[in-house]
*Asks:* 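Sending over a structure as structure tokens; questions will come in a sec.
Residue numbers begin at 1 in each chain, while the letters A, B, ... track the order of the sequences.
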Amino acid sequence: MNIKDIKKEFPIFDNKVHNNDLVYLDSANSSQKPKVVVDRIYDFYTKEFSNVGRSVHYLAVAATNLYENTRVLVQKYINAKDPNEIVFTKGATEAINLVANTFGQKYLKEGDEILITELEHHSNYVPWHYLRKSKGVKINFADVDENGDISIESIEKKITPKTKILAITHLSNVTGAILPIKEIIQLAHSKNIPVLVDGCQGAPHLKLDMQDLNCDFYAISCHKMYGPTGLGVLYAKKKWLEELPPYQGGGGMIGEVKKEGITFGDLPNKYEAGTMATAQVIAFGESINFINKLGIDKIEEHERELTKYGEEILRKNNSVKLIGSPKNKGSVLSFTLDGIHPHDIATILDEDGVAIRAGHHCCQILHEKLGLAATARASLGVYNTKDDLDQLNSSINKCIKIFNS
Amino acid sequence: MDLKDLYQQLILDHGKNPRNLGKFENFNKDAKGHNPLCGDKVHVYLKLDENKKISDIKFEGEGCAISMASASIMTELMKNKEEPEVKELIDDFLKMIKDSPELSSKIISEDEKTKLMSLSGVKKYPMRVKCATLPWHTLVSAMTDKPGEVNTEKED
Ligand SMILES: Cc1ncc(COP(=O)(O)O)c(C=O)c1O
């Protein structure tokens, strides 16, 4: 892969930040967008716009076909069995809320337990939290180890006869740990526990195969996959989407509406109430085409090499403390500097055009466990190079110099 | 250039070695402040004596250099000030951080003004303004016995 050429496909890199080239190291937060995706939104609105699934005129039929075409692209990208297993949502957050809400409503009762981990993003904890009050369920946390990893044993330890669902991240957005989720899913299934995987950080970086993983639910954030904001995907096994109640009510998700009662529509419409993020869905098709054109295998390989390089140079820098050294690390380099708060680091790096994130990264449970209020995080995308990481390192050194002056 | 304005020597010094850090026995007013976006935390303790004068003031906290320096400089300045002066200085500082080019208060010396103005560098960094103002909002809360915690996301 020629990264210089790939970078050229992202118009954002034509801009300067504080008169410097942009070194974008915040892709775990949200990735940049290739021109094909941005153009697709413009073209759709200027040449092809119509609402989908409602009218029979030419534009409506064409828009509906484009919209459904993305569903098939997603299905193939994650190797789901059926396009009807793909539900569009407003983000991964909504995808998880959908499952917590409907699964909780139908299957959970007082005293039941939900198992999550200490690595989870607030999006994979807070939606479940509501069920404490509404259903009287308990939430258990599998322990993260000193490497920032979650082992199969730590999951097994927290499973009880009352555990009704396991919700777990694929790739930690703080420690970068890639969890052995296939084995974890096998373990949970052997005890009849369905599994939701928060795939926000998995989907942009790892080759996915839903049939092989055999998870029950997989949540995806499209804006982290070189796609538009305001869009997420919930993959769910068909039997769940058939069995679970609808999430939101409104137009498009109904069968028949009478004063006496309502029947609900078939999949996937059942879970897509109201006018959806049509332009974003259609443009997201281009994100998948973009990834497919490069090849997710190649992207994975490139990012693995970069992560390793980043780890190496930051470990050599005595002032840097890397957070998390999991067995299998992907695309995330969180760190702290002695005596310098992550927000000061981020502000100083920004002056050089180096964009990182500082804070708790929506993982307060993990930060509490680590005994840190905040960390700095550099995260990678397909457009990053070793030069970017060298720049990161030299800006870190500048930061240390300012603070020690 | 701007970065040098933000991280002036004085700020770095107060950030690394905050004055009045800690807690003391006989405080009679206190309040906590928290910025949930970045995790900055301060807890301001003070003793308001019978003449409504701050006879002692300290703070506990963790956060970035800007928030720690701001709390440090604020507590230095507020010691031995009477209630109306405290109020005047808080208003003056917050106004300066928001939109006014300088401080207008007559009750502090030029040196003290220079010290306070060292925090004005944050004006160019909208995301960091809350770091500088958190201790001050927390002091308001302590002085007025406002219940609950100051939360930067709920202040204007
Ligand atoms: C691990 C993880 N889960 C969930 C989310 C939330 O995703 P979204 O922004 O699509 O709602 C994020 C992104 O911030 C994330 O990194």
Side-chain angles (χ1 to χ4, degrees), chain A residues 16-20 26 29 121-123 125-126 174 319 323 334 336-377 394-405, chain B residues 1-18 21 32-43 59-73 97 118-135 138 149 151-153:
Chain A
K16 297 274 175 192
V17 173
H18 306 303
N19 292 322
N20 287 302
D26 198 18
N29 187 350
H121 188 281
H122 295 164
S123 287
Y125 171 28
V126 184
V174 178
S319 311
I323 305 300
S334 293
T336 54
L337 301 178
D338 224 16
I340 311 179
H341 192 277
H343 275 91
D344 296 316
I345 303 173
T347 296
I348 293 171
L349 264 53
D350 180 58
E351 205 75 4
D352 291 343
V354 179
I356 62 157
R357 184 167 171 189
H360 50 59
H361 319 298
C362 300
C363 291
Q364 285 191 20
I365 303 284
L366 176 64
H367 278 78
E368 198 174 314
K369 177 96 174 204
L370 297 170
L372 297 165
T375 50
R377 178 185 76 185
S394 84
S395 295
I396 286 174
N397 287 333
K398 171 176 145 187
C399 182
I400 294 163
K401 210 165 141 199
I402 290 178
F403 265 74
N404 290 342
S405 61
Chain B
M1 233 303 277
D2 292 349
L3 207 53
K4 290 227 175 65
D5 291 340
L6 184 63
Y7 293 105
Q8 296 180 27
Q9 217 45 51
L10 190 77
I11 302 280
L12 292 173
D13 174 40
H14 277 262
K16 268 186 276 190
N17 309 299
L21 188 67
K32 279 186 194 173
H34 181 210
N35 181 344
L37 292 187
C38 66
D40 284 353
K41 277 183 184 160
V42 286
H43 193 161
F59 78 100
E60 291 177 320
E62 56 180 332
C64 63
I66 308 297
S67 65
M68 291 300 101
S70 181
S72 172
I73 293 171
I97 291 290
S118 71
L119 288 158
S120 65
V122 294
K123 290 181 180 195
K124 293 206 188 87
Y125 297 84
M127 300 293 284
R128 306 301 303 275
V129 164
K130 284 173 182 167
C131 307
T133 57
L134 177 66
T138 309
E149 189 179 79
N151 185 314
T152 53
E153 294 320 289

*Asks:* Check the pair A:Thr347, B:Tyr7 against side chain to side chain contact (heavy atoms under 4.5 Å, CB included), reporting the backbone distance first and the verdict last.
*Replies:* CA-CA 10 Å; A:Thr347 296; B:Tyr7 293 105; 3.8 Å; yes

*Asks:* At a heavy-atom separation under 4.5 Å, does A:Ala358 approach chain B through its side chain, its backbone, both, or neither?
*Replies:* neither

*Asks:* Between the main-chain N or O of B:Glu62 and the side-chain N or O of A:His341, is there a donor-acceptor pair closer than 3.5 Å?
*Replies:* no

*Asks:* What distance do B:Leu3 atom CG and A:Lys398 atom NZ have between them, rounded to the nearest 0.5 Å?
*Replies:*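 One gets 5.5 Å once the value is rounded to the nearest 0.5 Å.
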
*Asks:* Where do B:Arg128 and A:His343 come nearest, in terms of heavy atoms and distance?
*Replies:*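 What the structure gives for the nearest pair is NH1-O, 3.0 Å.
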
*Asks:* Examine whether an atom of A:His360 lies under 4.5 Å from a heavy atom of chain B, and if so say whether it belongs to the side chain, the backbone or both; otherwise answer neither.
*Replies:* side chain

*Asks:* Are any of the side-chain heavy atoms of A:Asp344 and B:Leu6 separated by less than 4.5 Å?
*Replies:*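 When only atoms from C-beta onward are counted, B:Leu6 and A:Asp344 do not touch, as no gap falls below 4.5 Å.
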
